[in-house]
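Worksheet: the structure to be examined is printed underneath.
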Amino acid sequence: MGKADFLSPKAIGNRIKSKGLQKLRWYCQMCQKQCRDENGFKCHCMSESHQRQLLLASENPQQIMDSFSDEFRTEFLELLKRRFGTKRVHNNIVYNEYIGHREHVHMNATQWETLTDFTKWLGREGYCKVDETPKGWYIQYIDRDPETIRKQQEQEKKKKQDLDDEERTAKFIEDQVKKGLEGVEQNTPTFTELSRQNEEEKVAFNLNKGAGTSGTTASSSHASNALKSAAVMGSVKRKDTSQGQAKEKKKKSALDEIMEMEEQKKKTERTDYWLQPDIVVKIVTKRLGEKYYKKKAVVKEVIDRYTAIVKLVDSGDKLKLDQSHLETVIPAPGKRVLVLNGGYKGHFGILDGIIEKRFSATIEIDSGPLKGRKVEGIPYEDISKVA
């Protein structure tokens, strides 16, 4: 029976089948050949090329297995880092994406018999954090890249500086409150009870100035003096109390104003993701080739905060990239930018100038309640050009 024509339905069907994944038991890892059925695999095992590969593997089988194991581990961790970053994910999800590549290294050619054994080995060697749940094993990649560690240290340092500034401001406000309260306590007069020297002595009130004896006059004058002094002290007390309440109220309003100003100026906690739709970014990875390296693109969609679908400005090609493979674009002064991180995140502004020595920029907010405010010292990575 002759061979089917190139455009015949059978030939087209065979080509479609050869493109997809086939059964693992009919795959030869040594020859890297996938057979479509049992008969084909049997014929391949009897072929001369397969026998030569077996002879080479029999000379040093441990070395062959170690090379396949290293290749499997490297590609698996590379996919985990690029696709999921440091997020906690089920190991089977990563493995299904890994075997989706037709030319991947099969696990039956490595030193691990099952995916669970491989997951436990990753945890023992310190490549990932692993934990077992009723739903299965979960893994979390541990990024030990020096550049990543340096960025994390810078973020922690900046966060610590922000906390120090907040503590310093809070301490200053507390000291001012203490000083104000001490001043109020010093100005507040002390009051004593009105005491009589003789308990049997009666207090009499003489409403008629011309009447009364000398004793009555003396007692009435003593009582009137006491009443006058008490009235004076009471008025002084009411006056000082009202003044103290007014001062305290005034101080509280001043404190409220300070707190409101501090809340407006306070920088929010920085996040490790910055992608936003409709901004211009630059591709900085060389893994896609020189065709896309250093090319500018527009973010069309953000997926899971850390991944974006971008469209190249020149060619119009669409790519799905991680934020570690992108960087922000600083436009010319006078152009519109979007703040991607920090206390003014989400605000649009106009680029006013660039401070090259500090790798930062000055912008003028042109949206929201802070419109017209000029902000200095925003790092390059916190702003990007608006598409």
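At least one donor-acceptor pair closer than 3.5 Å links the side chain of S67 to the backbone N or O of I64. Remark: the backbone N or O of F348 is paired with a side-chain donor or acceptor of S367 at under 3.5 angstrom. Formation of a donor-acceptor pair under 3.5 Å by the N341 side chain with backbone atoms of T271 is found in this model. No donor-acceptor distance shorter than 3.5 angstrom exists from the side chain of Q155 to the backbone of R150, with no hydrogens or angles considered. With hydrogens and angles disregarded, a donor-acceptor distance shorter than 3.5 Å links the side chain of S384 to the backbone of V280. Between the side chain of D366 and the backbone N or O of G349, at least one donor-acceptor pair lies under 3.5 Å. Without hydrogens or angle criteria, H325 side chain to R287 main chain gives no donor-acceptor distance under 3.5 Å.
Donor-acceptor pairing under 3.5 Å is lacking for the side chains of D304 and T307. Remark: the Q323 side chain and the Y273 side chain contain no N/O donor-acceptor pair separated by less than 3.5 Å.
Side chains of T119 and E132 form no contact here, defined as non-hydrogen atoms less than 4.5 Å apart. Contact annotation: the side chain of L326 approaches that of I283 to within less than 4.5 Å [non-hydrogen atoms, C-beta and beyond].
Closest approach of I363 to I383, counting heavy atoms only: CG2-CD1, 4.3 Å. Here the closest heavy-atom approach between residue L80 and residue C128 is recorded as CD2-SG, 3.7 Å. Of all heavy-atom pairs spanning L321 and V310, the tightest one is CD1-CG2, 4.1 Å. The nearest pair of heavy atoms linking Y306 to D322 is O-OD1, 3.3 Å. The shortest heavy-atom contact between Q51 and M46 is NE2-CA, 4.3 Å.
When ring centroids are compared, Y95 and F118 stay outside the 6.0 Å threshold.
In the displayed structure, E125 atom CD is contacted under 6.0 Å by more than 12 heavy atoms of other residues, nucleotides or ligands.
Note that OH of Y380 is 12.0 Å distant from CD of E327, once rounded to the nearest 0.5 Å. To the nearest 0.5 Å, atoms OH (Y138) and OG1 (T133) are separated by 5.0 Å.
Under the side-chain contact (heavy atoms from CB on, under 4.5 Å) rule, E75 has a single partner from E71, R73, E78, which is E71. Of the candidates F76, Y141, W121, Y127 forms a ring-ring contact (aromatic ring centres under 6.0 Å, His included) with just one, namely W121.
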Practice item. Show the numbers, then the answer: is there a salt bridge (charged side-chain N to carboxylate O under 4.0 Å, His left out) between K171 and E167? Key: CA-CA 6 Å; K171 187 177 180 182; E167 292 176 358; over 6 Å; no
